[in-house]
2 protein chains.
Amino acid sequence: MPRGNCQGQGWWHGKFRGCGYRLTTGREAILDLLSKSEGHLSAEDIYIKVHPRYPNVGLTTIYRTLDVLSNLGMVYKFDFGDGRARYELAEGPRGAHHHHHLVCTGCNRVIDYADFIDEEIELLQQTEKGLGKKYNFRINNHVIQFYGLCDKCNGKK
Amino acid sequence: MPRGNCQGQGWWHGKFRGCGYRLTTGREAILDLLSKSEGHLSAEDIYIKVHPRYPNVGLTTIYRTLDVLSNLGMVYKFDFGDGRARYELAEGPRGAHHHHHLVCTGCNRVIDYADFIDEEIELLQQTEKGLGKKYNFRINNHVIQFYGLCDKCNGKK
DNA sequence: TTGTTATTGAAAACCATTTCCATTAATAAG
DNA sequence: CTTATTAATGGAAATGGTTTTCAATAACAA
């Protein structure tokens, strides 16, 4: 059964099955948590939330599942510079609320923003198109992040 | 002597001295290499190039120096998803050639591009301004990256 | 030249993530 | 439903980039 780029439309089950992945308790629990949480969860965050209820979902499984989800395009993986990866559901059941990130390098707080997002998306799409053609790339993702100091951290000097 | 955000104009020496840092052989060697290399060097890359000529510049010093340079804003630190940080001189002696990155998730190749860069910068500046005001952030950096498959990796399926 | 102290290297510690491998369980076939 | 196949699992161990420790060194100011 095919495994590669399985970019479908449906939700969990169909997508998993269609790509030859099995639907397990752990995977459902992780997807469930992600869809109920407000973004930026680390593998450990997820473990701490999921493991008590599903004691036979280990940290290893969390990592493996996140990797699968990431490859399927169902989850985005971010690096906010604090030494651990963060994960976010790419699109909720009721459609995406696209946003980008504003990261405080002082306290590692991350703010989702959607201001100016339309202009950003517009520009990104043009750029993707142009770059894709020029460099012969099949672009399927992008990252925009701003780094700075939040008011609290800025005050502390 | 002050250590914090020392965003000056001059080049190495002045900047270092002004911030209370000492100018050492190792630091000069690292800066020298960075200014002569085309971007995206990892700490190890730098070590391999610098250590033979300066045997008493260890990997630890490389990391520490890169950290200092990064804090001074003289070097940008990037994560291209291959598990190691990459560093780039923020601005060459003859001024910056600003660019963003196009990363192949297949072979980890990184392409610098400067197409559309003017529009990107323009939008980024507007966004920075707006976000800074709205969220009370002192923004001093940004990242734009595109991820995809280069022609070779795309062909392989 | 000398005193102060930032900087250094080597080794050890750190810690997020990955790998190993024997066991378990999801799925398909009968 | 039962059984066979093999993907998935978890705990422990390994990995590997980065950071910390600490005694020795070297930049710099006096």
Side-chain angles (χ1 to χ4, degrees), chain A residues 1-4 6 12-31 40-48 50-72 75 77-87 108, chain B residues 1-4 6 12-31 40-48 50-72 75 77-87 108:
Chain A
M1 266 182 205
R3 265 295 168 84
C6 241
W12 308 2
H13 297 225
K15 199 150 192 170
F16 263 77
R17 292 290 183 68
C19 294
Y21 290 106
R22 291 181 181 173
L23 203 51
T24 66
T25 319
R27 288 175 175 171
E28 289 223 74
I30 293 168
L31 271 168
H40 321 148
L41 280 68
S42 69
E44 198 188 354
D45 290 339
I46 297 172
Y47 178 75
I48 288 171
V50 167
H51 191 257
R53 201 187 304 258
Y54 301 88
N56 43 356
V57 171
L59 192 51
T60 311
T61 294
I62 311 267
Y63 277 109
R64 278 189 288 226
T65 300
L66 289 170
D67 200 44
V68 168
L69 294 174
S70 183
N71 288 335
L72 287 176
V75 155
K77 182 179 181 180
F78 292 99
D79 165 53
F80 296 137
D82 65 342
R84 69 195 61 201
R86 305 274 171 177
Y87 302 85
N108 288 319
Chain B
M1 270 183 205
R3 266 298 169 81
C6 242
W12 305 2
H13 297 224
K15 198 151 193 170
F16 262 78
R17 291 289 183 68
C19 293
Y21 290 106
R22 293 180 180 174
L23 204 49
T24 65
T25 319
R27 287 175 177 171
E28 289 224 75
I30 293 168
L31 271 169
H40 320 147
L41 279 68
S42 68
E44 198 189 353
D45 290 338
I46 297 172
Y47 178 75
I48 289 171
V50 168
H51 191 260
R53 203 187 305 258
Y54 302 88
N56 43 356
V57 172
L59 192 51
T60 312
T61 294
I62 311 269
Y63 276 109
R64 279 189 287 227
T65 300
L66 289 170
D67 201 45
V68 168
L69 294 175
S70 182
N71 288 335
L72 287 176
V75 155
K77 182 178 180 180
F78 292 98
D79 166 52
F80 296 138
D82 65 341
R84 69 195 61 202
R86 303 275 171 174
Y87 302 85
N108 288 319

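A note on names: the letters A, B, ... follow the listed sequences, proteins ahead of strands, and every chain is numbered from 1.
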Using whole Å, report how far CD of A/E28 lies from P of C/dA25. 16 Å
Are side-chain N/O atoms of A/S42 and A/D45 paired as donor and acceptor at under 3.5 Å? yes
Tell me the interatomic distance from A/R27, atom CZ, to C/dT24, atom C1', rounded to whole angstroms. 14 Å
Can you check side-chain contact (heavy atoms from CB on, under 4.5 Å) on B/I46 and B/L66, steps first, answer last? CA-CA 10 Å; B/I46 297 172; B/L66 289 170; 3.9 Å; yes
Base-contact (B) and sugar-phosphate-only (S) positions in nucleotides 15-23 of chain D, heavy-atom cut-off under 4.0 Å, - elsewhere: --SSBBB--
Taking OP1 and OP2 of D/dA27, is either one under 4.0 Å from a side-chain nitrogen or oxygen of B/R17? no
Could you check how far OH of A/Y47 sits from P of C/dT17, rounded to whole Å? 15 Å
Find the distance A/R22:CZ to C/dT27:P and express it as a whole number of Å. 7 Å
For the residue pair B/D67 and B/Y63, establish whether any side-chain heavy-atom pair is separated by less than 4.5 Å. no
Taking only the side-chain nitrogens and oxygens of B/T24, find out if one of them lies under 4.0 Å from OP1 or OP2 of C/dT8. yes
Between B/E28 and B/H13, does the side-chain contact (heavy atoms from CB on, under 4.5 Å) criterion hold? Intermediate values first, please. CA-CA 9 Å; B/E28 289 224 75; B/H13 297 224; 3.4 Å; yes
Can you list the steps and then say if B/L72 with B/Y21 is a side-chain contact (heavy atoms from CB on, under 4.5 Å)? CA-CA 11 Å; B/L72 287 176; B/Y21 290 106; 4.0 Å; yes
Checking A/L31 against A/F16 for the side-chain contact (heavy atoms from CB on, under 4.5 Å) test, could you report, in this order, the C-alpha distance in whole Å, the side-chain angles of both residues, the deciding distance, and whether it holds? CA-CA 12 Å; A/L31 271 168; A/F16 263 77; 3.8 Å; yes
Rounded to the nearest angstrom, tell me the gap between atom OH in B/Y21 and atom C1' in C/dT5. 15 Å
Could you tell me how far apart A/Y54 (OH) and C/dA25 (P) are, to the nearest whole angstrom? 16 Å
Without decimals, in angstroms, what is the distance between B/L69 CG and C/dT7 P? 12 Å
